[in-house]
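This report concerns only the one structure given below.
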Amino acid sequence: MKAVVFRQFGEPEVLRLEEIDPPKPQSGEVLVRIRAAGVNPVDAYRRAGTHSYRPPLPATPGFDGAGVVERSQAPGLVEGMRVWVSASTSGTYAEYAACPADAVHPLPQGLSFSQGAAVGIPYLTAYRALFVRAKAAPGETVLVHGASGGVGLAALQLARAAGLRVAGTAGTPRGLDLVLREGAHAAFDHSKHGYLDEALDWTKKTGFNVILEMLANVNLAKDLSVVARFGRIAVIGSRGPVEIDPREAMTRDASILGMTLRNATAEEKPRIDAAVQAGLEDGTLKPVVGLELPLAEAAESHRAVMRSGAHGKIVLLA
Ligand code: NAP
């Protein structure tokens, strides 16, 4: 089969399309014929060797994908079934991937393989950050700080469907349009000086009950000045250290909550999966695909995922 392989850590160019043997699923795994693979920033950190987990080499990247069940002994997952997947032991940037059965979910009618590949990490992360960690409730206000990318768009749709007042940020006019289209009541340009003052005015100066933060090393200190009393900031993404004034948190009884999807407990996981699946089935959750590339252009997909100007999910077609 064709698969993207990296044999050393490094720049995107280490990703090569190769002909390798298809994976042999272990007990409890399903073999999926991948038609589209979701590209996440974590794939790029792993390829670069900068992630806390360095996979043994050679490796094929990718956790997210969508396709058709090729071989399965798992109850409810029959051959020929259209599925989306949120984990793989062999990597989803390939024509075939071995996936743990509990990470394989039916792909509802009306959703394309590319949309299915955009579900996994983004929606599960957004759901856990919003509802499990930050305990967002209907009627509250939420700022999705970095709303034009995979996790941010998922968060907008989830928050809007749950009855929150939603604001989102993006760094380009195209991103801002998308943020408004996908559920935000208001959109702010994070490349513009003073945009958080405008966002605070939008809350009538009471601040945001919840902030989902995609770039904490840039924004955390400022987030603390626009979070409401008893507010919660969920740190989803950060690319370095940051200095904060703890008094800002103290005077508001505000909480800063770390959030990593892989820390989801065995109890949380099926609940999060079920909530996301229900939203995909009833149409409240509609993944947005911004860029489709062939597997052979995996290197370009990694350059694109680290560039600003996000407007939906990047997927590779297999
Ligand atoms: P993505 O699709 O590349 O989107 C990145 C987002 O960050 C875009 O909306 C981008 O907006 C925005 N951004 C850029 N500069 C910003 C700034 N100064 N302030 C606020 N936002 C800014 O990435 P993603 O998949 O959504 O992931 C977002 C982050 O969460 C990444 O760092 C990723 O590693 C992390 N993540 C963590 C977990 C976890 O378990 N903790 C899971 C998934 C992802 P523009 O491009 O419009 O400027």
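For ligands, and for the atoms within them, numbers begin at 1 and follow the listed sequence. Side-chain atoms are counted along with the backbone in the values below, which use heavy atoms only and exclude waters and symmetry mates.
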Got a donor-acceptor contact below 3.5 angstrom from the [X] side chain to the [Y] backbone?
X      : Y      : result
Arg82  : Ser112 : no
His190 : Phe188 : no
Gln157 : Lys286 : yes
Ser72  : Ala74  : yes

Please check whether [X] reaches ligand 1 - meaning an N/O of the residue sits under 3.5 Å from an N/O of the ligand, judged on distance alone.
X      : value
Gly309 : yes
Gly150 : yes
Ala170 : no
Leu215 : no

Which heavy atom of [X] sits nearest to which heavy atom of [Y], and what is that distance?
X      : Y      : answer
His185 : Leu164 : CE1-O, 3.4 Å
Gly207 : Thr203 : N-OG1, 2.9 Å
Pro23  : Ala98  : CG-N, 3.8 Å

Considering only heavy atoms, does [X] approach ligand 1 within less than 4.0 Å through its side chain, its backbone, both, or neither?
X      : answer
Leu261 : both
Arg239 : side chain
Ser191 : neither
Ile121 : side chain

Check your understanding: If hydrogens are left out, which of Phe63, Phe188, Tyr45 has an atom nearest to atom 31 (C) of ligand 1, that is, the closest non-hydrogen atom?
Key ->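 Considering heavy atoms of Phe63, Phe188, Tyr45, the nearest to atom 31 (C) of ligand 1 sits in Tyr45.
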
Review point. Nearest to atom 20 (C) of ligand 1 by heavy atom, Leu143, Asn219, Ile236: which?
Key: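 Of the listed residues, Asn219 has the closest heavy atom.
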
Closest non-hydrogen protein atom to [atom], residue and atom name please, with distance?
atom                    : answer
atom 26 (O) of ligand 1 : Val151 N, 2.9 Å
atom 9 (O) of ligand 1  : Ser148 OG, 2.8 Å
atom 42 (C) of ligand 1 : Thr125 OG1, 3.3 Å
atom 23 (O) of ligand 1 : Pro41 CG, 3.5 Å
atom 5 (C) of ligand 1  : Gly149 CA, 4.5 Å
atom 29 (C) of ligand 1 : Met214 O, 3.8 Å
atom 3 (O) of ligand 1  : Val305 O, 3.3 Å
atom 22 (C) of ligand 1 : His190 CE1, 3.2 Å

Review point. So, do Tyr195 and His145 have ring centers that fall under 6.0 Å from each other?
Key: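 Close enough - the centres of the two rings lie under 6.0 Å apart.
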
**Study point:** Positive for side-chain contact (heavy atoms from CB on, under 4.5 Å) with Ile233, one of Leu220, Leu143, Val226, Leu257
**Key:** Leu220

Check your understanding: Once the angle between the rings of Tyr45 and His51 is folded into 0 to 90°, is it parallel (under 30°), tilted (30 to 60°) or perpendicular (over 60°)?
Key ->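 Tyr45 vs His51 ring planes: parallel.
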
Point to revise | Contact check, Pro122 vs ligand 1, heavy-atom distance below 4.0 Å | key: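 So Pro122 does not count as touching ligand 1.
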
Review point. Quick one: salt bridge (charged side-chain N to carboxylate O under 4.0 Å, His left out) pairs with a partner in residues 15-26, sequence neighbours left out?
Key: Lys2-Glu19, Arg7-Glu18

